[in-house]
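Notes follow once the structure below has been shown.
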Amino acid sequence: PYVDTKVILENADKHGYGVPALNINNLEFLHYIIEAGVKKNSPVIIETSQGAMKYAGNGDFRKGAEIFVKMVKAFADEVDIPVALHLDHGKSFEHIVAAIKAGYSSVMIDASEHPFEENMKITKEIVKIAHAAGVSVEAELGQLAGIEDEAVAAENVLVDPDEAKKFVEETGVDFLAPAVGTSHGAFKFKGAAKIDYDRIKKVKEYTKIPLVLHGASSVVPEFVEIAEKHGADFGGAKGVPSEILQEAVKCGINKVNTDTDLRIAFVAGLREFLNANPKEFDPRKYFKLAREYTIKVITDRMDVLGSTGKA
Ligand SMILES: O=C(COP(=O)(O)O)NO
Ligand SMILES: [Ca+2]
Ligand code: NA
Ligand SMILES: [Zn+2]
């Protein structure tokens, strides 16, 4: 069934596990996520960026939002696992309202590049509107270096747990994404992978709400190698290892945003298959390995995060 993200995350918070929040831009990835969730009996949070809404609507983000809600509901109505649809990194008022109007389960207002007071003011306004429509809200404190759809943050600004306490009390936001050292994309760390567990623990203690880890892809070496064997060049790619994710969940993370891992698994399978089958042009055939690898990276993540068997 199609559910509110809050239902999924409050259960995860109560029982101390993480739920993968998986980004899509098209039907194939949605298909694979649903298959993985059914296979593992795991709840799934589907999420789309503002750019994905525009892509699905062929330039019209309002149309894209409507299309994504219909697509996700079509699958959600056919399976027994809870499925939610979330707007990831909502920055523009119009995109956030379009998602609410279309029927998204939840929206993120990412105003984290603004000063604290401004972030709080903007977030409060979105919470008022979204809650009036029965939609839950995620916000972000601190900054992740790297690309965030449209905005590029210069460097990591780690969350201040005292600010987080005030922020959640004042805004009434349902979930919080504290910046704790991760970043988006495939090149997350120059040296060893490391995130600030102490900050996660403090933010959890002070806010007592479900927490979100952004930039949480592991950049799985197995799939990076396959892709590179078949012509990709991902030199220097490095992500968040599973054991760090598991520690982060223990410290209070409940929603684990994953986009890059799906992209790498898919393109590894696609490259490998196309290289080996020059005569093939049936998409049900040439997406076979891409499908297999993408489902694998998701089902492995459900096992790592502990959402397996929790549907
Ligand atoms: O935070 C993410 C995804 O991060 P990754 O690039 O690590 O998949 N989406 O909001
Ligand atoms: Ca941000
Ligand atoms: Na998000
Ligand atoms: Zn993110």
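Just so you know, ligand 1 is whichever comes first in the structure, and atom 1 is the first atom listed for that ligand.
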_Please report, to 10°, the angle around the Zn ion (ligand 4) from atom NE2 (H184) across to atom NE2 (H89)._
100°
*asked:* Could you tell me if K255 sits above the aromatic ring of F175, with its cationic atom closer than 6.0 Å to the ring centre and no more than 45 degrees from the axis?
replied: no
_Strictly under 3.0 Å, is the Na ion (ligand 3) approached by any N, O or S atom of H86?_
yes
Show me a pair-per-line table, with atom names and distances to 0.1 Å, of protein N or O atoms that are under 3.5 Å from an N or O of ligand 1.
| from | atom 1 | to | atom 2 | distance (Å) |
| --- | --- | --- | --- | --- |
| ligand 1 | 1 (O) | H184 | NE2 | 3.0 |
| ligand 1 | 1 (O) | H214 | ND1 | 3.4 |
| ligand 1 | 1 (O) | G215 | N | 2.8 |
| ligand 1 | 4 (O) | G215 | N | 3.3 |
| ligand 1 | 6 (O) | G185 | N | 2.9 |
| ligand 1 | 6 (O) | T260 | OG1 | 2.7 |
| ligand 1 | 7 (O) | K188 | NZ | 2.4 |
| ligand 1 | 7 (O) | A216 | N | 3.2 |
| ligand 1 | 7 (O) | S217 | N | 3.0 |
| ligand 1 | 8 (O) | S217 | OG | 2.6 |
| ligand 1 | 8 (O) | D259 | N | 2.6 |
| ligand 1 | 8 (O) | T260 | N | 2.8 |
| ligand 1 | 9 (N) | D88 | OD2 | 3.1 |
| ligand 1 | 10 (O) | D88 | OD1 | 3.0 |
| ligand 1 | 10 (O) | D88 | OD2 | 2.5 |
| ligand 1 | 10 (O) | H89 | NE2 | 3.2 |
| ligand 1 | 10 (O) | H214 | ND1 | 3.2 |
| ligand 1 | 10 (O) | N257 | ND2 | 3.1 |

_With sequence neighbours excluded, residues passing salt bridge (charged side-chain N to carboxylate O under 4.0 Å, His left out) with K285_ = D282
_Proximal heteroatom of H214 relative to the Zn ion (ligand 4) (N/O/S)_ = ND1
*With sequence neighbours left out, write down each residue that passes salt bridge (charged side-chain N to carboxylate O under 4.0 Å, His left out) with D160, or none if nothing qualifies.*
none
*Kindly state whether the ring of F266 and the ring of F287 have centres lying under 6.0 angstrom apart.*
yes
*D88 atom (N/O/S) at minimal separation from the Na ion (ligand 3)*: OD1
_Salt bridge or not between E292 and K288? Use side-chain N to carboxylate O under 4.0 Å._
no
May I have the list of side-chain donor-acceptor pairs in residues 67-77 shorter than 3.5 Å, sequence neighbours left out?
none

*Mind checking whether F29 and Y32 have parallel, tilted or perpendicular rings, split at 30° and 60°?*
tilted
*From the options H214, E140, Q50, select the one residue that forms a side-chain hydrogen bond (donor to acceptor under 3.5 Å, both in side chains) with H89.*
H214
